[in-house]
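The figures here come from the full heavy-atom set of this structure, side chains too, leaving out hydrogens, waters and symmetry mates.
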Amino acid sequence: MMIPSHRYCFYSVITIYFFLLIHTLASPTVHFCRHDQRDALLEFRDEFPTSNNTWRSSWNKSSDCCFWEGVSCDDKAGQVISLDLYTSLNSSLKTNSSLFRLQYLRHLNLSNCFLQGEVPSSLGNLSHLTLVDLSWNKLVGKIPASIGNLNNLRNLSLAYNNLVGEIPSSLGNLSRLKSLELSNNGLVDEVPTSIGNLNELRVMSLDLNSLSGKIPISFVNITNLSYLNLAYNNFSSTLPSDMSGFHNLRYFDVGSNSFHGPFPKSLFSIPLLRSVILKQNQFTGPIEFKNISSSSKLWALNLDSNQFDGPIPESISKFLNLALLHLSHNNFTGPIPKSFSKLVNLDFLRLSNNKLEGEVPSWVWSLTAVTLSHNSFSSLENSSQETLIKGLDLSWNSFRGPFPLWICKLKWLRLLDLSNNLFSGPIPTCLRNLTVSLTELTLRNNNFSGTLPDIFSNATKLQSLDVSQNQLVGTFPKSLINCKALQFVNVESNKLKDKFPSWLGSLPSLNLLIFRSNKFYGTLYHDHMSIGFQSLRVIDISHNDLAGTLPPYYFSNWCEMTTLTEGNGQYMASLPAYSLIYQSVEIVNKGVETSFERIRQDFRAIDFSGNKIYGKIPQSISVLKELRLLNLSGNAFTSDIPRSLANLTSLEALDLSRNKLSGQIPQDLSKLSFLSYMNFSHNLLQGPVPRGTQFQRQKCSSFLDNPKLYGLEEICGENLVPNPKSQQQPKELSEKEEKKFNWVAAAIAYGPGVFCGLVIGHIFTSHYHEWFTEKFGRGKNT
Ligand SMILES: *[C@@H]1O[C@H](CO)[C@@H](O)[C@H](O)[C@H]1NC(C)=O
Ligand SMILES: *[C@@H]1O[C@H](CO)[C@@H](O)[C@H](O)[C@H]1NC(C)=O
Ligand SMILES: *[C@@H]1O[C@H](CO)[C@@H](O)[C@H](O)[C@H]1NC(C)=O
Ligand SMILES: *[C@@H]1O[C@H](CO)[C@@H](O)[C@H](O)[C@H]1NC(C)=O
Ligand SMILES: *[C@@H]1O[C@H](CO)[C@@H](O)[C@H](O)[C@H]1NC(C)=O
Ligand SMILES: *[C@@H]1O[C@H](CO)[C@@H](O)[C@H](O)[C@H]1NC(C)=O
Ligand SMILES: *[C@@H]1O[C@H](CO)[C@@H](O)[C@H](O)[C@H]1NC(C)=O
Ligand SMILES: *[C@@H]1O[C@H](CO)[C@@H](O)[C@H](O)[C@H]1NC(C)=O
Ligand SMILES: *[C@@H]1O[C@H](CO)[C@@H](O)[C@H](O)[C@H]1NC(C)=O
Ligand SMILES: *[C@@H]1O[C@H](CO)[C@@H](O)[C@H](O)[C@H]1NC(C)=O
Ligand SMILES: *[C@@H]1O[C@H](CO)[C@@H](O)[C@H](O)[C@H]1NC(C)=O
Ligand SMILES: *[C@@H]1O[C@H](CO)[C@@H](O)[C@H](O)[C@H]1NC(C)=O
């Protein structure tokens, strides 16, 4: 389009005229940068040659330095008073940096600038500074004591660096300081008493350091304090007995330390108080509140993981603004107080791992997320209405009777965990009403009977389904084929009787598949199906009636066992729905109750044992380079052990016992340096047992009943008995002896605090337990 040039020109002239007019009126003193200031800035710029070029080129002599990016001047004198760069400086600040020639500087904000090296002590010379923010850099070394000279300083942040040493007591001279932020460094020892002199202080965050000892008594003089965060340090003392002097306190977090002593009830008379976090300390005794004002602002109370006991006091219900109440992992007793129904703003309630009992009242079903696991609750009050509840964990209690049908009305549920109770009767089809939103359904270890209903056609968000250890019969629900998000399926220890659903291989995210101890039959593999299982990490289909042969390429698409990928497969680390429950709060520490939580991220296992699979072990097994555990025992595999098994360089346990394998044990297996458990017993193997330390360490019984195997002298020693027909043979352990031993080992591994919990417990049938507990110990994290 043509623009009439004269009109265009006219408007432009007008615009420029007005712009100039306004500009001139607004700033009668046109300030020019003082040359000494400009030169100091230019030299400062040149101290960062590898920095981001955008700001560097804007700092040039052709424009007034007061207009350079990140620079502000005093209007009249042209002195640089503020430097606020948001860029990658990518180098250290030298003690003789030209920065320190900007002696009028009031604001220095170099947060997030990739600054390295130490905080130069000359910073203490810039006596006009009111604000210093060097947070989120890579600063090292100690906090220079000279910062204590900056007696105009109001805001100091050195948070999120790698600073070490003590907090210098000179900081107590900064009498005008309003905020002191030193979070997330490596600061140690006690907080200096002088900090208590900072009586203008509103914000003090010292969390995420290694500070220890006690909180200085002098802190009670900081009466303006509104935010105090000491979380994640090593403080070990009692809290001051009277904290009511903190009139302005809103946020109080001393979590994850070793504080002890009684419940700090003096805090709760502070009218503005919103959040109190005492979690993960060693506080003891009952909790009590006095004189709670109806206008209390308390919004969050987190007492998780202490040693509080006694009943949960009714008086909590006077905190009408309470949204988050966490009392897990204590020794609270008795029922949920009746008066809690008054807490109309409550969203998150966590009461797990206490000694609570009685009926769970129906108002609970209208919260957002509720965790009541590991208590002794015995009944549930019916809900009469639909609610918006998203997470409900009722596991490890004493609930009995039929599945509570009213749960089907809770259409927004994402997590439902009823595991480890005494529920019985059928799993109702009305659960279909929940499946649209459900991400996790856990009914493990109850007495549910009847079939697993085929209700999952709309369950597109379902990630985890666990109905293991019940009395379920019938077929495996075909509608699960629609659950493209499914990561984890566990139906172990039921009586499901169906052809093996090989279509599960098409589910793109499936990580863990546990079918152990059911009555699945037929072949694992169907000609017309692509095999898939690209994301599979752990498969346990042991102790079923599976038969048939496996084609040579059977394992070739099992990508997650071939190479480790990051990110995928949250089930290996934690259950996603628990992050839902705690989404508003903090990093989860759910403890031992989640069986799958502590499985090693790199754990890969195949257990096909106790079936009737026959034919050759597929050659393609050799691509599963990340496999840790392979159990094919108790089948009818024939022919040779593939030599390419020696390609499984991560293998730690291998059980091929009780098959019809013939030929020699491949000599190359002795090169698998992580392979510490093997079992070749009860086959038709022959020839020499490979030499090498891994083999020498095996139990003699691992080679039992292979009449033509020889070279067992070093492994078996005295347990070798002459065999008239063939080579010397290992002595048979009596059946009884073996069983007894296994049973004990199994019992240990199933107990609480086991290294890996359920999956491992089951993947490792009897024999493995001893090896496993020996190797990894009990109840220890890796
Ligand atoms: C340099 O900084 C500018 C903003 O000041 C930013 O847009 C650009 O991405 C940065 N470049 C590099 C290489 O960091
Ligand atoms: C100097 O900086 C100005 C902005 O401050 C910019 O427009 C100009 O391109 C820069 N000159 C050079 C040579 O980089
Ligand atoms: C930081 O400096 C190093 C050289 O010291 C350079 O290799 C790197 O690319 C720089 N990084 C940025 C973000 O400018
Ligand atoms: C700062 O000191 C170093 C030596 O420590 C020297 O190389 C550098 O030139 C000095 N810089 C300034 C701006 O004086
Ligand atoms: C410093 O600058 C960063 C980035 O612009 C900003 O987020 C931060 O709030 C500033 N610090 C202060 C204390 O104003
Ligand atoms: C800056 O401070 C250092 C030590 O903190 C001191 O040695 C030096 O003389 C001071 N420089 C100026 C210019 O004041
Ligand atoms: C300094 O800290 C106080 C207290 O946190 C805060 O209210 C104020 O906004 C901060 N000042 C600046 C300039 O960031
Ligand atoms: C609190 O401040 C007062 C007056 O400044 C002082 O006398 C007292 O010793 C301080 N208390 C503590 C515990 O430091
Ligand atoms: C609970 O009380 C028992 C004794 O009654 C004690 O052994 C246990 O350590 C306590 N647990 C907690 C978390 O305080
Ligand atoms: C399930 O949903 C259907 C259709 O929305 C409804 O008629 C039925 O009452 C619901 N069942 C339960 C138990 O809530
Ligand atoms: C699945 O959802 C659609 C719409 O959300 C609904 O019409 C249909 O009845 C649902 N199917 C089942 C089997 O629940
Ligand atoms: C496995 O090892 C054999 C030698 O035993 C080698 O020839 C073969 O290429 C390896 N296969 C894979 C998939 O790495």
Under a 3.5 Å cutoff, is there a donor and acceptor pairing between the side chains of Ser376 and Glu357? no
Should Ile167 and Asn209 count as side-chain neighbours, where that means a heavy-atom distance under 4.5 Å? no
Taking the side chain as everything from C-beta on, heavy atoms only, tell me whether Arg350 gets closer than 4.5 Å to Leu327. no
Looking only at the side chains, is there a donor atom on one of Ser111 and Ser135 sitting less than 3.5 Å from an acceptor on the other? yes
If we ignore hydrogens and angles and just use 3.5 Å, is the side chain of Asn321 paired with the main-chain N or O of Trp299 as donor and acceptor? no
Got a sec: does the NZ of Lys178 have more than 12 other heavy atoms crowding it under 6.0 Å? yes
If we ignore hydrogens and angles and just use 3.5 Å, is the side chain of Thr368 paired with the main-chain N or O of Ile389 as donor and acceptor? no
Under a plain distance cut-off of 3.5 Å, with no hydrogens placed, do Asp466 and Thr442 share a side-chain donor-acceptor pair? no
Determine yes or no for a side-chain-to-main-chain donor-acceptor pair under 3.5 angstrom, with Asn354 supplying the side chain and Asn330 the backbone. yes
One should read off an interatomic distance between Ser373 OG and Trp396 CH2, to the nearest 0.5 angstrom, of 9.5 Å
Answer yes if the side chains of Ser395 and Asp393 hold a donor-acceptor pair under 3.5 Å, and no otherwise. yes
Would you name the heavy atoms of Asp189 and Glu166 that are closest together and state the gap between them? OD2-OE2, 3.0 Å
For the residue pair Phe289 and Phe268, categorise the inter-ring angle as parallel (less than 30°), tilted (30 to 60°) or perpendicular (more than 60°). perpendicular
So, do Val360 and Asn397 sit near enough that their side-chain heavy atoms are less than 4.5 Å apart? no
Do Asn184 and Tyr232 have side chains that get closer than 4.5 Å, going by heavy atoms? no
Is a side-chain donor-acceptor pair under 3.5 Å present for Ser419 with Asp417? yes
When you measure from the side chain of Thr371 to the backbone N and O of Ser352, does any donor-acceptor pair fall under 3.5 Å? no
Checking the side chain of Arg154 only, and the main-chain atoms of Asn152 only, is there a donor and an acceptor separated by less than 3.5 Å? yes
What distance do Leu211 atom CG and Asn185 atom CG have between them, rounded to the nearest 0.5 Å? 9.5 Å
Do Val132 and Leu153 make a side-chain contact, defined as non-hydrogen atoms from C-beta onward lying under 4.5 Å apart? yes
Phe377 and Leu394, any side-chain heavy atoms less than 4.5 Å apart: no
For the pair Asn306 (side chain) and Phe283 (backbone), establish whether a donor and an acceptor sit closer than 3.5 Å, ignoring hydrogens and angles. yes
Taking Arg414 first and then Glu440, would you say they form a salt bridge - that is, a charged N and a carboxylate O separated by under 4.0 Å? no
Under 3.5 Å, which donor-acceptor pairs do the side chains of residues 216-228 form with other protein atoms, sequence neighbours left out?
{"residue": "Ser218", "atom": "OG", "partner": "Thr193", "partner atom": "O", "Å": "2.9"}
{"residue": "Asn224", "atom": "ND2", "partner": "Asn199", "partner atom": "O", "Å": "3.0"}
{"residue": "Tyr227", "atom": "OH", "partner": "Asn229", "partner atom": "ND2", "Å": "3.3"}

Do the side chain of Asn353 and the main chain of His374 share a donor and acceptor less than 3.5 angstrom apart? no
To the closest 0.5 Å, what do you measure between CZ (Arg106) and OG1 (Thr130)? 8.0 Å
Would you check if the side chain of Glu314 reaches a backbone N or O of Ser339 as a donor-acceptor pair within less than 3.5 Å? yes
Evaluate Asn125 against Phe100 for side chain to side chain contact (heavy atoms under 4.5 Å, CB included), listing each step before the verdict. CA-CA 7 Å; Asn125 294 2; Phe100 303 113; 5.7 Å; no
Asn137 backbone acceptor or donor facing Asn161 side chain under 3.5 Å: yes
Can you tell me how far the OG atom of Ser82 sits from the CG atom of Leu129, to the nearest 0.5 Å? 10.0 Å
Aromatic plane relationship, Phe308 with Phe332 - under 30° parallel, 30 to 60° tilted, over 60° perpendicular: parallel
With respect to Leu273, which candidate in Asn248, Leu298, Leu301 satisfies the side chain to side chain contact (heavy atoms under 4.5 Å, CB included) definition? Leu298
Scan side-chain atoms only and decide if Glu47 and Ser91 contain a donor-acceptor pair under the 3.5 Å cut-off. no
Are any non-hydrogen side-chain atoms of Trp363 and Val344 less than 4.5 angstrom apart? no
Leu322 to Ala300 - nearest heavy-atom pair and separation: CD1-N, 4.1 Å
Taking the side chain as everything from C-beta on, heavy atoms only, tell me whether Phe48 gets closer than 4.5 Å to Leu115. yes
Would you check, one step at a time, whether the test side chain to side chain contact (heavy atoms under 4.5 Å, CB included) holds for Asn331 with Gln307? CA-CA 6 Å; Asn331 258 339; Gln307 289 150 36; 5.9 Å; no
Out of curiosity, Asn149 CG to Ser170 OG, how far, rounded to the nearest 0.5 Å? 7.0 Å
Please lay out, stage by stage, how Leu150 and Leu174 fare under the test side chain to side chain contact (heavy atoms under 4.5 Å, CB included). CA-CA 7 Å; Leu150 300 172; Leu174 302 171; 4.3 Å; yes
What's the shortest heavy-atom distance between Ser269 and Ser244, and which atoms? OG-CB, 3.7 Å
Determine whether Leu182 and Leu163 satisfy the following criterion, side chain to side chain contact (heavy atoms under 4.5 Å, CB included), listing intermediate values before the conclusion. CA-CA 9 Å; Leu182 304 176; Leu163 300 168; 5.9 Å; no
Do you know which two heavy atoms are closest between Asn281 and Gly255, and how far apart they sit? ND2-CA, 3.7 Å
Mind checking the CH2-CG spacing from Trp55 to Leu85? Nearest 0.5 Å is all I need. 5.5 Å
For the side chain to side chain contact (heavy atoms under 4.5 Å, CB included) test, which of Leu134, Val203, Asp133 pairs with Ser157? Asp133
Donor-acceptor pair, Ser194 side chain versus Ser169 backbone, under 3.5 Å? yes
